[in-house]
Amino acid sequence: MSQNVLSLSDITKTYYGAGSPVHALQGVSFSLAEGEMVAIMGPSGSGKSTLMNLLGCLDKPDGGTYTFGDQDVMEMDKVDLAHLRNRRIGFVFQNFNLLGRASALENVALPMVYAGVKSRERNSRAAEMLGLVGLEGREHHLPNQLSGGQQQRVAIARSLVNSPELLLADEPTGALDTRTSIEIMALLQRLHREKALSIIIVTHEPDIALHCQRVVRLSDGLVVSDEKVENPHQAQV
Ligand SMILES: Nc1ncnc2c1ncn2[C@@H]1O[C@H](COP(=O)(O)OP(=O)(O)O)[C@@H](O)[C@H]1O
Ligand SMILES: [Mg+2]
């Protein structure tokens with residue numbers, strides 16, 4: 001019934017810098033089924049962010065295979081990769097990555113500028129997305145006039161404006177207190193449920209991971225476990 005959103009096989013990535021090469025990923029295989037919500041865990045330096053960057057086509061693997069839908073990502077050119085990244089994948093980061101001098105509405109509307117959506121439509125869709133994440137009435141606030149949790153909601157709204165199939169969230173609650181983290185998880189669970197969005201969340205917090213349906217653990221650039229969560233926690237707000 002369910003198809004894979006993406007599938008990786010034997011992915012490797014080495015960074016060559018000033019010192020000795022860092023083998024960040026040493027043969028990672030992983031598939032994500034449509035509509036799945038998965039947590040990726042692992043100690044600092046285990047390769048989580050590297051994996052997310054490759055999944056999001058922000059960087060290229062050195063070896064292995066990567067299939068997104070029925071497309072071979074390894075064979076795609078820059079234009080196709082940018083299209084995949086901008087239209088089919090949403091990104092959320094630990095530090096929100098909002099433009100400080102742009103309002104919540106402008107931040108959310110920005111990805112639609114690149115997608116060529118007209119100004120009126122951009123604004124109405126951005127306002128709708130802000131409503132969806134519970135920020136009605138905050139459209140014209142600047143990021144520094146919003147709490148951390150509200151800023152992350154703006155970032156989540158921004159990640160969804162082009163209706164992606166997949167949301168990649170790298171430590172989305174890493175900068176938030178426990179209570180606010182649970183609110184963000186409640187929002188992600190609702191989006192997962194209502195929009196049939198596939199979600200991958202990197203976290204080092206076990207409590208956050210237990211809100212997902214499956215937990216994949218990395219260690220030293222390898223998948224060391226991949227397990228279903230029997231009764232995922234439902235975040236209550
Ligand atoms: N741009 C880079 N250049 C060189 N080394 C890097 C770079 N990014 C990450 N690394 C190294 O690759 C390894 C994996 O890093 P990362 O994927 O950020 O791990 P995690 O997100 O699990 O903490 C670490 O040893 C890190 O220092
Ligand atoms: Mg990281």
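Just so we're clear, the structure is a prediction, and the values are computed from it rather than from any experiment. Read the numbers this way: they start at 1 and go in the same order the structure lists the ligands and their atoms. FYI, side chains are in, hydrogens and waters are out, and symmetry mates aren't considered; it's all heavy atoms of this structure.
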Top protein contact for [atom], by heavy-atom distance:
| atom | answer |
| --- | --- |
| atom 25 (O) of ligand 1 | Val22 CG1, 3.5 Å |
| atom 19 (O) of ligand 1 | Gly47 N, 3.2 Å |
| atom 4 (C) of ligand 1 | Tyr15 CB, 3.3 Å |
| atom 16 (P) of ligand 1 | Thr50 OG1, 3.7 Å |
| atom 18 (O) of ligand 1 | Ser49 CB, 3.7 Å |

Closest candidate by heavy atom, reference atom 23 (O) of ligand 1, pool Ser219, Ser46, Gly45: Gly45

From the candidates Met41, Lys48, His23, the one that places a heavy atom nearest atom 22 (O) of ligand 1: Lys48

Sub-4.0 Å atoms of ligand 1 with respect to non-hydrogen atoms of Pro43: 22 (O)

Spacing of [atom1] belonging to [X] relative to [atom2] belonging to [Y], to within rounding of 0.5 Å:
| X | Y | atom1 | atom2 | result |
| --- | --- | --- | --- | --- |
| Asn97 | Gln152 | CG | CD | 9.0 Å |
| Ile156 | Ile184 | CD1 | CD1 | 4.5 Å |
| Gln236 | Glu183 | CD | CD | 12.5 Å |

Sub-4.0 Å heavy-atom contact, Gly17 with ligand 1: no

Contact check, Gly221 vs ligand 1, heavy-atom distance below 4.0 Å: no

Contact flag Ser44/the Mg ion (ligand 2), N/O/S atoms, threshold under 2.8 Å: no

Aromatic plane relationship, Tyr66 with Phe68 - under 30° parallel, 30 to 60° tilted, over 60° perpendicular: perpendicular

Per-atom contact, atom 27 (O) of ligand 1, protein heavy atoms, under 4.0 angstrom: no

Protein non-hydrogen atom below 4.0 angstrom of atom 7 (C) of ligand 1 present: yes

Intermediate values then yes/no, salt bridge (charged side-chain N to carboxylate O under 4.0 Å, His left out), Glu194 and Arg190: CA-CA 6 Å; Glu194 292 176 1; Arg190 177 161 64 83; 3.7 Å; yes

Hphob cluster co-occupancy, Leu188 + Val108, side-chain heavy atoms under 4.5 angstrom: yes

